[in-house]
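Values reported hereafter were calculated over all heavy atoms of this structure, with side chains retained and with hydrogens, waters and symmetry mates removed. In each ligand, atom 1 is the first atom listed, and ligand 1 is the first ligand listed.
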Amino acid sequence: MKLFVIGKPIKHSLSPLIHNCWIKKYNIDVKYEKKEIDLLHLEKIISEIRHEKIKGINVTLPYKKIITRFIDEMSQTAKDSEAVNTVFFKENKIYGDNTDGKGFIESIEKEMKFDFEKKKIFIIGAGGAAYGILSQLNKKKVGPVFVANRTKEKLNNLVNHFKSKKSDIFQSNWSALKPPDDTDIIINTTSFGMKKGELIEINYKGLTNSTIFADIIYKPKETEFLKFARLQGFKTINGLDMLIRQAAISFNLWFGISLTEQDIKNAKDICDKAC
Ligand code: NAP
C-alpha cells in the first residue's frame, strides 16, 4: 500500500522523510511518496483511496481547499479551516481532516512552554494556514486576536468567518503592522519570507521581551522576520516543529499510533539535516 503527499509543486516536500522515518520505526508495510498532480487528477486519486488502492493522502498547495469537494465527511476542524490536508477511507466514507492548526498549537505549547489561555495574539496573513491556526486558537480560550493581511478583502473574509465564534477578533492595519502593546505572541502565517531578502517589518513599540515571534515557514530555517526579532531579544520559533507535529497527527489518523516525543525529535533531526 502507498500513501502520498499531493500538490503542485511538490518536489521540496519533507513529508516523505518524516513519515517514512516513523513507518520504518513501527514496521508498517506501506510506502509514503510525493506525487505532483494536476487539478484534473484529484478525483482519480480520491477514487483510488475509495477503492483502497491507496491508504490515504496529505494535501498541500494549491489543493487544500478544492479537495473538500470530493470529501464525504469533514472533521469540524476541516470545516472551520475550510481546508483539508489529510484524507483517508473509513466505514465506506472518504474522510478529510486538517492537522495544521493542531500541529501549530502543540508546537508552541511544547517547544515554548506557552499557555494560550487569555493571551493577546497578533496574526499576519489571511491564507489557508491562518484559517487552520485560528480554528484551533478558538478552542484554547485565547484573549483578543488581531489580524493583518496585505489584501484587505481576504482579511475581511477571514475576520467575518471567525467573528460568530469569537467576538474579539479584530482587523489590524497592514501598512502600520503594529501589534497592540503587550502582545503575547506574533505569528507570521504568510509565505512572505521564503525568498532571500523578504522581510516583514513589525513596529516593535509596546512589546515586552516575553513576546514570542513564530513563523510557520521552515525553509529558510530563520526568516528575516525571525532574525530581526531574535536580534531585538525576542524569543523565536520557526515552522519545522509545526510541520512534524501536524504530520504526527495525520500519522495517528491513518495508523492509530500516538507518536512519542522521541519520534518527533527523530523526524526533526532528519529534516534538519535535509534542510
Ligand atoms: P496561502 O493560502 O496561499 O496564503 C498566503 C498568505 O501569504 C496570504 O495571507 C497572502 O496575502 C500572503 N502573502 C503572499 N505573498 C505575500 C507578499 N509578497 N506580501 C505580503 N503577503 C503575502 O498559503 P498558506 O497555505 O496559508 O501557507 C502560507 C505559508 O505557510 C507557506 O509558506 C507555507 O509553506 C506555510 N505553511 C507551513 C506549515 C507548517 O507545517 N510549518 C503548514 C502550512 C503552511 P494576500 O492575501 O495578500 O495574498
Side-chain angles (χ1 to χ4, degrees), residues 5-15 17-19 34 58-68 77-78 80-86 97-108 110-111 122-136 146-162 171-177 187-202 213-226 236-251 264 267-268 271-272 275:
V5 54
I6 61 155
K8 190 176 180 179
I10 200 69
K11 68 172 187 273
H12 298 298
S13 173
L14 293 173
S15 295
L17 272 182
I18 299 169
H19 283 284
K34 45 189 147 187
N58 278 138
V59 185
T60 188
L61 290 174
Y63 302 128
K64 285 186 185 182
K65 200 170 181 122
I66 200 151
I67 194 102
T68 58
T77 303
D80 292 344
S81 316
E82 295 189 330
V84 158
N85 76 343
T86 307
D97 206 335
N98 191 320
T99 65
D100 282 339
K102 284 183 198 159
F104 174 78
I105 299 284
E106 258 188 54
S107 163
I108 302 297
K110 297 222 162 107
E111 296 298 309
F122 188 75
I123 295 182
I124 308 163
Y131 276 79
I133 289 171
L134 269 159
S135 75
Q136 293 308 299
F146 301 83
V147 192
N149 190 57
R150 177 184 61 174
T151 307
K152 181 85 174 139
E153 190 193 345
K154 288 194 194 158
L155 178 62
N156 277 336
N157 292 344
L158 176 134
V159 169
N160 289 338
H161 177 78
F162 286 103
Q171 300 197 14
S172 193
N173 190 323
W174 173 255
S175 53
L177 227 48
I187 311 162
N188 176 36
T189 72
T190 76
S191 49
F192 192 68
M194 294 177 80
K195 295 192 196 126
K196 217 172 172 222
E198 288 183 346
L199 167 66
I200 291 186
E201 278 184 87
I202 290 281
F213 279 67
D215 198 325
I216 67 166
I217 293 174
Y218 48 88
K219 247 186 205 171
K221 281 182 191 169
E222 188 178 55
T223 56
E224 296 289 319
F225 168 76
L226 287 192
T236 63
I237 180 166
N238 74 9
L240 184 60
D241 196 71
M242 167 185 175
L243 179 78
I244 313 275
R245 291 183 189 276
Q246 64 76 28
I249 302 165
S250 297
F251 193 86
I264 301 287
K268 212 193 291 181
C271 291
D272 252 332
C275 277

Hey, does [X] come in under 3.5 Å of ligand 1, counting only N/O atoms on both sides?
X	value
Phe192	no
Ile216	yes
Ala129	yes
Lys64	no
Ala130	no
Ser191	yes
Asn149	yes
Gly239	yes
Arg150	yes

For [X], atoms of ligand 1 separated by under 4.0 Å from a heavy atom:
X	answer
Leu61	25 (O)
Gly125	9 (O)
Thr190	6 (C), 7 (O), 12 (C), 29 (C)

Problem - Close approach of Gly103 to ligand 1, heavy atoms, under 4.0 angstrom - result: no
Exercise for the section: Output yes when Lys64 and Asp100 qualify as a salt bridge under the 4.0 Å nitrogen-oxygen rule, no when they do not. Expected result: yes
Problem - Gln136 vs Thr77, side-chain hydrogen bond (donor to acceptor under 3.5 Å, both in side chains): CA-CA, chis, key distance, verdict - result: CA-CA 7 Å; Gln136 293 308 299; Thr77 303; 3.3 Å; yes
Problem - Identity and separation of the nearest protein heavy atom to atom 38 (C) of ligand 1 - result: Met242 CE, 3.8 Å
Handout entry: Part of Met194 within contact of ligand 1 (heavy atoms, under 4.0 Å)
Key = side chain
